[in-house]
Amino acid sequence: MSSRLPGFYKASLAERRRLLAEAVGLPVEAFAAVDPAALELAVADGMIENVIGTYALPFAVAVNFTVDGSDVVIPMAVEEPSIVAAASNAARMARPSGFVTTVSAPVMIGQIQITHVADVDAGVAAVKAAAGELVETARTTMPRMAERGGGPRALDVRMLTKTGPDGGVLVVHLHVDCRDAMGANLVNTLCEALADRVAAIAGGRPGLRILSNLTDGRMVTVRCSIPHAQLAGVSGDDGIIEGADVAAAIAAASRFAELDPYRAVTHNKGIMNGVDAVLVATGQDWRAVEAGAHAFACRAGSYRPLAVWTDRTSALDGELVMPLAVGTVGGALLGHPSTRLALALAGVTHADRLTALAAAAGLATNLAALRALATEGIQKGHMALHARKLARMVKETP
Ligand code: MEV
């Protein structure tokens with residue numbers, strides 16, 4: 001399929017459904033899954049507590065994307081105007097190289113806290129010596145996971161403190177390959193199963209047993225290379241800016257984010273505009289990804305940009321590196337009809353492809369934001385969209 005759907009944004013909603021159905025090979029009736037009442041009240045009532053209704057968001061697709069050599073439409077659920085247009089425009093500029101990703105093995109970390117350890121050094125040494133046995137025990141707890149090529153991989157231990165209100169404290173990390181699951185339930189179950197044994201080996205008491213959302217064992221890298229010619233734009237006073245100058249300005253904006261945490265946060269917000277929109281559309285735990293992304297951005301001791309842009313002789317190169325834990329099996333929202341449609345539209349059957357798409361969307365929205373900031377400023381596009389919204393509201397007012 002081709003993700004180039006010229007004029008898609010200008011078509012009516014019904015026409016967009018028809019064009020998309022044709023492009024991805026789904027019946028047009030499938031779009032009932034994103035009609036306003038797609039999530040039935042009875043289903044919603046079973047999902048969380050104290051339910052009084054459901055909450056809808058606009059559901060769209062970003063077009064023009066090529067990710068790892070294949071064209072794909074990217075589902076996005078988000079309230080902010082211009083994110084979908086920005087992603088689609090950036091994806092068009094990136095088409096010569098496409099987005100190229102490297103997705104790590106889906107290894108999550110489970111933490112077991114051990115408190116009141118009388119001799120912390122001896123406790124650490126004892127857990128280290130028993131690591132093989134503990135991983136084996138964890139593996140037998142989840143035999144089906146191991147059969148699917150996943151399951152517990154390794155175990156390590158760190159001293160946190162020798163003295164304090166909780167006595168000697170150490171933390172054990174269990175590394176678990178979760179395959180296509182996000183893995184929270186799986187990892188928590190394993191940590192709970194191992195905690196007593198670990199505490200006995202360490203000579204302390206079991207404390208918390210829970211996965212870490214700093215999923216630095218589950219990483220994605222996405223790169224693209226934009227020929228200068230693709231970047232030419234319009235300046236604030238309506239003059240033309242050459243592509244090479246736009247590339248230089250984007251690289252300077254990237255360096256600004258590397259130097260200043262106040263800017264880096266906003267730069268990363270522009271990345272999460274794309275990432276989160278995909279995560280929401282596909283029913284993922286976006287709070288977990290957000291928490292991990294920002295912690296990772298601080299790993300060097302100060303808050304840094306997750307993506308950087310470097311100007312080369314005739315192209316601008318972008319690279320985004322971030323932790324990104326998603327699942328295509330087992331999640332609370334994977335039974336949601338809109339989520340199922342989102343995955344079908346993007347042709348996603350495995351978590352690693354969803355990771356690649358969310359990250360590509362993030363690099364695309366980052367590029368679009370920096371290009372707008374480096375040329376005509378962000379307000380012009382925003383204001384045009386607001387004007388469109390106002391015009392529609394006026395038209396619809398009786
Ligand atoms: C707005 O949602 C996102 C931006 O502020 C990102 C950025 O400044 O890079 C435009």
Side-chain angles (χ1 to χ4, degrees), residues 9 57-62 65 74-94 99 222-224 226 230-231 233-236 241 243 245-281 286-287 289-291 293-294 296-298 302-311 316-322 324 358-390:
Y9 74 101
L57 274 176
F59 183 105
V61 292
F65 274 82
I74 306 231
M76 289 185 155
V78 66
E79 87 297 346
E80 186 175 327
S82 78
I83 288 176
V84 177
S88 303
N89 286 337
R92 187 172 35 76
M93 288 183 248
F99 295 94
V222 52
R223 296 189 180 89
C224 67
I226 319 289
Q230 299 282 333
L231 289 162
V234 177
S235 71
I241 313 186
D245 295 333
V246 176
I250 292 175
S254 177
R255 288 191 293 273
F256 176 17
E258 289 190 73
L259 291 169
D260 179 34
Y262 284 86
R263 175 57 209 158
V265 169
T266 323
H267 179 101
N268 288 346
K269 193 275 181 180
I271 295 168
M272 300 315 287
N273 275 345
V275 174
D276 284 343
V278 177
L279 299 182
V280 173
W286 52 271
R287 285 92 52 212
V289 174
E290 281 279 341
H294 299 296
F296 183 74
C298 282
S302 68
Y303 191 92
R304 313 259 307 164
L306 294 167
V308 291
W309 295 89
T310 312
D311 196 14
L316 175 76
D317 291 353
E319 182 184 77
L320 165 66
V321 184
M322 65 180 289
L324 221 171
L363 192 58
T365 48
N366 180 225
L367 170 63
L370 297 189
R371 180 167 177 268
L373 290 166
T375 55
E376 59 185 7
I378 208 79
Q379 281 311 90
K380 200 167 172 182
H382 266 290
M383 292 327 283
L385 283 158
H386 277 298
R388 205 183 71 165
K389 199 161 77 185
L390 279 178

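Numbers here simply count residues along the sequence, with the first being 1. Order of listing sets the numbers, starting from 1, for every ligand and every atom in it.
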### Task
Measure Asn366 to ligand 1 on non-hydrogen atoms and call it side chain, backbone, both or neither using the 4.0 Å cut-off.
neither
### Query
What part of Asn273, side chain, backbone, both or neither, has a heavy atom within less than 4.0 angstrom of ligand 1?
side chain
### Selection from Met272, His267, Arg371, Arg263 by shortest heavy-atom distance to atom 8 (O) of ligand 1
Arg263
Could you check whether any side-chain N or O of [X] sits under 3.5 Å from a backbone N or O of [Y], counting only pairs where one atom can act as donor and the other as acceptor?
X: Asn366; Y: Val308; answer: no
X: Asn273; Y: Ile83; answer: no
X: Thr365; Y: Ala87; answer: no
X: His267; Y: Ala307; answer: yes
X: Ser88; Y: Val84; answer: yes

#### Entry: Least distance between heavy atoms, Ala264 atom then Pro305 atom
CB-N, 3.9 Å
Using a strict 4.0 Å cut-off to heavy atoms of [X], name the atoms of ligand 1 that fall inside it.
X: Thr266; result: 5 (O), 6 (C), 7 (C), 8 (O), 9 (O)
X: Glu80; result: 1 (C), 2 (O)
X: Leu373; result: 7 (C), 8 (O), 9 (O)

### Task
Kindly confirm or rule out an N or O of Lys269 lying under 3.5 angstrom from an N or O of ligand 1.
yes
